[in-house]
2 protein chains.
Amino acid sequence: MELSDFLLSLTPFDTDELKDITSHFEEEFIPKNMRLIEQGQVCKKLYYIKKGMVRSYYLKEDGKEITQWFFNVGKFMSSVDSFFQQRPSLYYLETLEDSVVYSISKEKMDLLFSKYHKMEQLGRLASIEMLTKVVNKLNAIQFQSARERYEYMLAEFPDISHRVPLGYIASYLGMTSETLSRIRRG
Amino acid sequence: MELSDFLLSLTPFDTDELKDITSHFEEEFIPKNMRLIEQGQVCKKLYYIKKGMVRSYYLKEDGKEITQWFFNVGKFMSSVDSFFQQRPSLYYLETLEDSVVYSISKEKMDLLFSKYHKMEQLGRLASIEMLTKVVNKLNAIQFQSARERYEYMLAEFPDISHRVPLGYIASYLGMTSETLSRIRRG
DNA sequence: ATACTTTTTTGATTTAGGTCAAAGGAAACC
DNA sequence: GGTTTCCTTTGACCTAAATCAAAAAAGTAT
């Protein structure tokens, strides 16, 4: 989906507004397995994913990677609290495929927020949408068996489940690769 | 904290705006153990907690209550996606103590959102704050031992941890009452 | 205070899923 | 094409936490 269509799906901008807003984004081509931001850095950009896929992850004390979220085509993506509060990111962001994204800096985003009332609305709606999804995952993780969690994943991200390494999905679901492998076997 | 101070802490409203906004809220006194909304109902109000405490919970298939969140004094509280999307709530909301809240209907809230650009901003900031907290909990739950999860709880809600029944906290943390009791023993 | 209900604690037992280790398979690289 | 490295699968074993059950403690109501 094009950025402008995505924006329209959340808030009824008129053509001029849309043109102005999208002009603040920059297109970037990012190859597979590139980091967009490092743990500890302040996240400077918010991204819209035009093509490809991205994950956020962090390292546990023992050095193990924990995948925290998958960001699919047609969504905003960032290390959210790092971007909005401009503090060090707890996560890495990394492309899982060759990707095309539109990026915008915090300064430009703030400018759009203050210029357009509707842009604030969009920000609010997008945040609530994200909040709903995270709460969903939390419920899935909190009291379900490993198998049920995998089924939640299949329902929530059907396309992703077979496009990324098993180990990433396992840690996203709070289980080991071995367990997920056994679940998939049946 | 008074509602107006809370609003000011997020967004710099001027006095007239603040007066108008707070006038749309209604004060309500709600005794302990009252339900503010039922699972399956559309949530009609957003609340600010002036005094007291509230929890959200849902019932698993086997009838067990799972506490999903604790809402403390000085915060907004609602069945968020039910309120904003006006669809059936997945949760109950129930007071844990005699409480005083300020409530506002969806219609009035939408009116304020469209009247004041800054109100949208406030909505966005409050959503992101909530999002950050839920993500925190998710990380705690996803890969930590029962004991570590309890320690997260002590850090995040120090005041709550000893004010509500142990069973509520246990299910909030994704463990049984027995396990939490053993953890507390030492 | 007394009886009744609900919550918490404690102990014994079970089990889902983790850990460790090693073998197959797939990608990536020269 | 053949190494090398990484990823996934499989098996054996172990452990944290669940379940079951029953006693103790704390609340609530009469």
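Below, read A as the first sequence line, B as the second, and so on, with proteins coming before strands; counting in each chain starts at 1.
A donor-acceptor contact closer than 3.5 angstrom is absent between the side chains of B:Ser127 and A:Ser127.
In the region residues 167-177 of chain A, proximity to DNA chain C at under 4.0 angstrom, judged on heavy atoms, holds for A:Gly174, A:Met175, A:Thr176. Against DNA chain D, the stretch residues 64-73 of chain A makes no heavy-atom approach under 4.0 Å. Contact check of residues 137-162 of chain B against DNA chain D (heavy atom, cut-off under 4.0 Å) returns B:Ser145, B:Ala146.
Residues meeting the ring-ring contact (aromatic ring centres under 6.0 Å, His included) test with A:Phe70, sequence neighbours left out: A:Tyr172. Shown here are the ring-ring contact (aromatic ring centres under 6.0 Å, His included) partners of B:Tyr48, two or more places apart in sequence or in another chain: B:Phe6. Here A:Tyr57 pairs with A:Tyr92 under the ring-ring contact (aromatic ring centres under 6.0 Å, His included) rule; sequence neighbours left out. Legend: residues meeting salt bridge (charged side-chain N to carboxylate O under 4.0 Å, His left out) with A:Glu97, ordered by chain and number and at least two apart, are A:Arg163. Residues passing the salt bridge (charged side-chain N to carboxylate O under 4.0 Å, His left out) test with B:Arg184, sequence neighbours excluded: none.
Between B:Lys45 and B:Glu26 there is no salt bridge, since no side-chain nitrogen of the basic residue lies less than 4.0 Å from a carboxylate oxygen of the acidic one.
The base of C:dT10 is not paired with the side chain of B:Arg184 by any donor and acceptor separated by under 3.5 Å.
Look at CZ on A:Arg182: it is 13 Å from P on C:dA16, rounded to the nearest Å. Following rounding to the nearest Å, A:Leu180 (CG) and C:dA16 (C1') show an atom-to-atom distance of 15 Å. We find that CD1 of B:Ile183 is positioned 12 Å from P of D:dA16, with the value rounded to whole Å.
Backbone-only contact: B:Arg185 has heavy atoms under 4.0 Å from sugar-phosphate atoms and none from a base.
Note: A:Phe25 and A:Phe76 have parallel aromatic rings, judged against thresholds of 30 and 60 degrees for the angle between ring planes.
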Report each atom pair, protein N/O against N/O of nucleotides 23-29 of chain C, whose distance is under 3.5 angstrom.
none

Using atom names, set out every protein N or O paired with an N or O of nucleotides 22-27 of chain D below 3.5 Å, distance rounded to 0.1 Å.
none

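Checking D:dT9, C:dT7, C:dT9 against every side-chain atom of B:Ser181, the shortest atom distance belongs to C:dT9.
Side-chain contact check for B:Met153 versus B:Ile169: some heavy-atom pair is nearer than 4.5 Å.
Looking at DNA chain C, the stems built from 3 or more consecutive Watson-Crick or G-U wobble pairs, each pair with its key distances under 3.5 Å, are C:1-23 with D:8-30, C:25-30 with D:1-6.
A:Phe29 belongs to a hydrophobic cluster with A:Val100, counting contacts under 4.5 Å between side-chain heavy atoms of Ile, Leu, Val, Met, Phe, Trp and Tyr, direct or through other members.
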